[in-house]
Amino acid sequence: MKKIYDDYLKHLKEVTESRLLLDENVKKLGIPQLYLFDQRYTILFVISEIAFRKKGFFVSSDLKSQTTLSDKSIDRFIKLLLDKEFFYVKKGKDKRIKQYYPTKDLERHMRATWEVRIKQIEAILQMSSKYKEVLEFLKKDKYVW
């Protein structure tokens with residue numbers, strides 16, 4: 001049964017390493033590695049993408065309400081997205097709240113990361129049929145060094 005756990009660790013490594021496949025287009029953007037590899041920032045981008053796909057834009061509170069990062073860190077992240085021209089700002093009905101809208105170039109930038117997403121999905125699909133076994137192993141077995 002320990003083999004299933006070994007398989008799981010190998011799979012987890014493959015999914016994680018797929019992030020290293022960022023192609024030259026992404027590297028040319030000059031985004032600090034912190035924003036590319038730290039899951040807390042990855043989820044911010046995903047949250048912003050969900051929001052703008054749902055309502056056409058996102059606001060900083062969309063991000064701040066769903067993370068443990070400080071408001072200052074989130075504001076720096078939003079500034080990076082603006083500096084890289086992923087988004088532009090408009091004032092909403094409430095002039096105090098900035099709304100961030102995707103630029104026309106955002107889709108091109110996002111597609112530059114699809115190779116990574118493809119590799120992650122392929123790795124997950126290879127292991128998906130074994131997840132029940134891994135779960136049973138983790139629940140029942142006491143890990144021994």
Side-chain angles (χ1 to χ4, degrees), residues 4-143:
I4 191 70
Y5 186 66
D6 292 339
D7 291 345
Y8 171 72
L9 290 176
K10 181 182 173 198
H11 158 73
L12 189 60
K13 181 177 177 273
E14 289 172 4
V15 171
T16 304
E17 284 178 341
S18 66
R19 301 276 316 189
L20 301 175
L21 298 174
L22 294 173
D23 64 12
E24 291 304 310
N25 292 332
V26 174
K27 291 176 186 175
K28 288 177 188 176
L29 292 173
I31 297 174
Q33 287 191 354
L34 172 68
Y35 295 125
L36 295 174
F37 296 109
D38 186 322
Q39 292 296 329
R40 297 172 303 166
Y41 290 100
T42 301
I43 197 64
L44 287 181
F45 193 84
V46 171
I47 293 166
S48 68
E49 185 176 356
I50 290 168
F52 78 72
R53 291 176 62 82
K54 182 178 180 180
K55 59 186 179 183
F57 62 90
F58 76 92
V59 295
S60 64
S61 64
D62 291 333
L63 306 183
K64 292 175 181 177
S65 67
Q66 298 185 55
T67 183
T68 59
L69 286 167
S70 71
D71 289 356
K72 193 173 197 169
S73 293
I74 293 169
D75 291 339
R76 278 194 301 265
F77 180 72
I78 291 171
K79 182 182 180 326
L80 173 80
L81 296 176
L82 293 171
D83 290 348
K84 296 299 177 183
E85 299 180 353
F86 289 175
F87 295 92
Y88 64 92
V89 181
K90 276 187 177 179
K91 299 280 185 178
K93 291 179 184 178
D94 182 342
K95 302 295 182 200
R96 298 170 294 172
I97 299 175
K98 295 178 181 177
Q99 296 175 339
Y100 301 95
Y101 289 83
T103 64
K104 291 179 181 177
D105 289 337
L106 180 63
E107 184 177 343
R108 181 174 50 87
H109 295 308
M110 288 172 54
R111 287 180 186 267
T113 67
W114 283 14
E115 180 183 352
V116 172
R117 293 177 186 190
I118 289 167
K119 293 290 184 192
Q120 287 174 326
I121 292 167
E122 288 173 345
I124 289 168
L125 288 174
Q126 287 176 358
M127 186 69 182
S128 63
S129 65
K130 298 179 183 179
Y131 272 123
K132 281 190 176 184
E133 287 180 69
V134 173
L135 184 60
E136 288 176 27
F137 172 77
L138 293 173
K139 285 182 175 180
K140 292 179 182 177
D141 197 62
K142 302 294 182 209
Y143 191 83

Which class fits the ring pair Phe45 and Phe86: parallel under 30°, tilted 30 to 60°, perpendicular over 60°?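 Ring orientation of Phe45 relative to Phe86: perpendicular.
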Parallel, tilted or perpendicular for Tyr101 and Tyr88, by the 30°/60° rule?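 Parallel.
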Which heavy-atom pair separates Tyr100 from Ser60 by the least distance, and what is that distance?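 Minimum heavy-atom separation between Tyr100 and Ser60: CE1-N, 4.1 Å.
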Working to the nearest 0.5 Å, report the span between CG of Leu82 and OG1 of Thr103.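 So the gap between those two atoms works out to 10.0 Å.
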Once you round to the nearest 0.5 Å, how far does CG of Asp75 lie from CG of Leu69?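 These two atoms lie 11.0 Å from each other.
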Side-chain contact, heavy-atom cut-off 4.5 Å: Ile124 with His11?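 Yes. Closest side-chain heavy atoms under 4.5 Å.
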How about Lys55 and Asp62: do any of their side-chain heavy atoms sit closer than 4.5 Å?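 Yes; the side chains approach each other to less than 4.5 Å.
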Apply side chain to side chain contact (heavy atoms under 4.5 Å, CB included) to Ile47 and Phe58, showing your working. CA-CA 9 Å; Ile47 293 166; Phe58 76 92; over 6 Å; no
Is the count of non-hydrogen atoms from other residues, nucleotides or ligands lying under 6.0 Å from [X] atom [atom1] greater than 12?
{"X": "Lys98", "atom1": "NZ", "answer": "no"}
{"X": "Lys91", "atom1": "NZ", "answer": "yes"}
{"X": "Glu85", "atom1": "CD", "answer": "no"}

Could you walk me through whether Phe87 and Ile78 pass side chain to side chain contact (heavy atoms under 4.5 Å, CB included), step by step? CA-CA 9 Å; Phe87 295 92; Ile78 291 171; over 6 Å; no
Are any side-chain N or O atoms of Thr67 and backbone N or O atoms of Leu63, one a donor and one an acceptor, separated by less than 3.5 Å?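 Side chain of Thr67 to backbone of Leu63, a donor-acceptor pair under 3.5 Å: no, none is there.
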